[in-house]
Structure formats: C-alpha cells, structure tokens
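All values below were derived from every heavy atom in this structure, side-chain atoms included, with hydrogens, water molecules and symmetry-related copies excluded.
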Amino acid sequence: MKKSVFSVDGVEFPTVHVMSLKRSFQVVDGTNAGRTMDGKMQRDIIGTYYNYSAVVTSDFKETAEYDALYEAITSPQDSHTIVMPYGQATLTFQAYVTNGDDELTHMFDDLNRWDKLTFNFIAMEPQRSVL
C-alpha cells in the first residue's frame, strides 16, 4: 500500500501524487525589532515558522482523494492539523490555507480530470520560539 506524504485533519491521501513539496522558514521579529541609531540590528524574535508549498496531481483512475483534498483545503475554517515530512521524521502543526489553484486537463463522459493543485500551508504559530 502506498504511503501518504502528508495528512490534513487526520486524513491521508495516498493516491494523491506529490509533484513538488517545498518547505520554508521564517524567523519573525516582534514590534521592538529594528535598527538602532548606530546601525546595529536589534532583534525581538518571536520564533521560527515552518511553512510548506505543495503541487499535487491525482492518479488518473483515483480522483476521489484529489477531490477530497481540494474540499478539505478550501474549507472556510481557521486552520487545519497538518502532518508533514520534516528532517527524517514528521512535523505536526496547525496551518491555514488562503489560496491555491489547479487546472482542468481532461473531460470524459463521467470524469473531469483536475491537475496540478498548488497551495501553501502557513503555520498558525511558531514551531520554535524563544520563550
């Protein structure tokens, strides 16, 4: 059985093929950060956020999971519980999705094939913090 690369709200999507998965980080400063009069940078670090960008496609014969993923990430809710690869393990965190896109590539009698679903998972809070 094929393993799912990630999960959303406890649901795995093993027939959704990940074409690209990128992780990024952002070390975020608070309101007291900035340059002092002598030019030095004064940091006010809140923490490090890990975010992910994905491009996925469906198995040509198995479109139900692709459709279910689309419904999950387009749901108008504050956040999702995400499990993503991180280093040699996984990272579980709350993330939100604000936008994405995909394209219709084929239409058959009883099948619409959507492809190249692109979206970002943005962390709700820092996964690593100074406090």
Side-chain angles (χ1 to χ4, degrees):
M1 178 178 224
K2 187 177 177 196
K3 181 176 166 54
S4 183
V5 174
F6 61 88
S7 69
V8 179
D9 297 327
V11 178
E12 295 190 353
F13 303 93
T15 65
V16 172
H17 301 288
V18 176
M19 298 169 63
S20 173
L21 183 65
K22 295 180 183 179
R23 66 179 177 178
S24 61
F25 68 90
Q26 185 176 13
V27 179
V28 175
D29 284 301
T31 58
N32 295 320
R35 297 267 175 210
T36 59
M37 293 299 288
D38 63 358
K40 288 175 123 178
M41 183 66 186
Q42 178 68 41
R43 300 291 306 266
D44 179 27
I45 298 173
I46 294 171
T48 303
Y49 294 74
Y50 297 117
N51 303 311
Y52 287 79
S53 300
V55 180
V56 302
T57 189
S58 67
D59 184 308
F60 189 70
K61 297 175 186 174
E62 298 288 334
T63 58
E65 284 186 14
Y66 181 96
D67 291 344
L69 174 60
Y70 188 89
E71 290 300 310
I73 65 173
T74 62
S75 173
Q77 62 190 71
D78 287 343
S79 67
H80 302 276
T81 301
I82 307 300
V83 179
M84 298 298 273
Y86 182 80
Q88 303 311 305
T90 59
L91 180 65
T92 302
F93 62 102
Q94 292 298 120
Y96 64 93
V97 178
T98 58
N99 64 324
D101 60 67
D102 63 356
E103 60 186 71
L104 182 65
T105 58
H106 296 91
M107 290 182 73
F108 300 100
D109 292 335
D110 60 347
L111 174 72
N112 291 333
R113 178 135 194 277
W114 292 90
D115 199 11
K116 299 178 186 166
L117 176 59
T118 303
F119 57 93
N120 298 312
F121 288 123
I122 309 300
M124 293 290 287
E125 59 188 36
Q127 286 92 342
R128 295 171 61 190
S129 60
V130 177
L131 303 176

Pairs under 3.5 angstrom only: tabulate donor-acceptor contacts from the side chains of residues 120-129 to other protein residues two or more places apart or in another chain.
from: Asn120; atom 1: OD1; to: Ser53; atom 2: OG; distance (Å): 2.7
from: Gln127; atom 1: OE1; to: Tyr50; atom 2: N; distance (Å): 2.8
from: Gln127; atom 1: NE2; to: Tyr50; atom 2: O; distance (Å): 3.2
from: Arg128; atom 1: NH1; to: Tyr50; atom 2: OH; distance (Å): 3.0

Is there side-chain contact between [X] and [Y], with heavy atoms separated by less than 4.5 Å?
| X | Y | value |
| --- | --- | --- |
| His17 | Asp115 | no |
| Lys116 | Asp102 | no |
| Ile82 | Tyr52 | no |
| Tyr70 | Val16 | no |
| Leu21 | Met84 | yes |

For atom CG of Asp101, is the number of surrounding heavy atoms from other residues, nucleotides or ligands below 6.0 Å larger than 12?
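Atom CG in Asp101 is crowded, with more than 12 foreign heavy atoms closer than 6.0 Å.
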Heavy atoms of other groups near Asp109 CG, more than 12 under 6.0 Å:
no
Are Ser79 and Gln94 close enough, and set up right, to give a side chain to side chain donor-acceptor pair (under 3.5 Å), and what steps lead you there?
CA-CA 6 Å; Ser79 67; Gln94 292 298 120; 2.8 Å; yes
Ignoring hydrogens, what is the shortest heavy-atom contact between [X] and [Y]? Give both atom names and the distance.
| X | Y | value |
| --- | --- | --- |
| Tyr96 | Asp78 | CB-O, 3.4 Å |
| Phe13 | Val11 | CE1-O, 3.2 Å |
| Gly87 | Arg23 | N-NH1, 3.3 Å |
| Phe93 | Ala95 | CE1-CB, 3.5 Å |

Excluding Met41, membership of its hydrophobic cluster (Ile, Leu, Val, Met, Phe, Trp, Tyr; side-chain heavy atoms within less than 4.5 Å) reads none
Is it true that [X] and [Y] fall in one hydrophobic cluster, defined by side-chain heavy atoms closer than 4.5 Å?
| X | Y | value |
| --- | --- | --- |
| Leu104 | Leu69 | yes |
| Val18 | Val83 | no |
| Val97 | Trp114 | yes |

Can you see whether Gln26 engages Thr48 through a side-chain donor-acceptor pair at a distance of less than 3.5 angstrom?
no
Would you tabulate the side-chain donor-acceptor contacts of residues 27-35 under 3.5 Å, counting partners in other chains and residues two or more places apart, or write 'none'?
from: Asp29; atom 1: OD1; to: Arg43; atom 2: NE; distance (Å): 3.0
from: Asp29; atom 1: OD1; to: Asp44; atom 2: N; distance (Å): 3.2
from: Asp29; atom 1: OD2; to: Arg43; atom 2: NE; distance (Å): 3.0
from: Asp29; atom 1: OD2; to: Arg43; atom 2: NH2; distance (Å): 3.3
from: Arg35; atom 1: NH1; to: Gly39; atom 2: O; distance (Å): 3.1

Intermediate values then yes/no, side chain to side chain contact (heavy atoms under 4.5 Å, CB included), Phe6 and Thr90
CA-CA 9 Å; Phe6 61 88; Thr90 59; over 6 Å; no
Any sub-3.5 Å donor-acceptor pair from [X]'s side-chain atoms to [Y]'s backbone N or O?
| X | Y | answer |
| --- | --- | --- |
| Arg113 | Ser58 | yes |
| Ser7 | Glu12 | no |
| Glu65 | Thr15 | yes |

The reported gap from CG in Asn112 to NE2 in His106 (rounded to nearest 0.5 angstrom) is 11.5 Å
Atom CG of Asn99 and atom CZ of Phe119: how far apart are they, to the nearest 0.5 Å?
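Result: 11.5 Å between the selected atoms.
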Applying side chain to side chain contact (heavy atoms under 4.5 Å, CB included), run through Val5 and Val56 and close with a yes or a no.
CA-CA 11 Å; Val5 174; Val56 302; over 6 Å; no
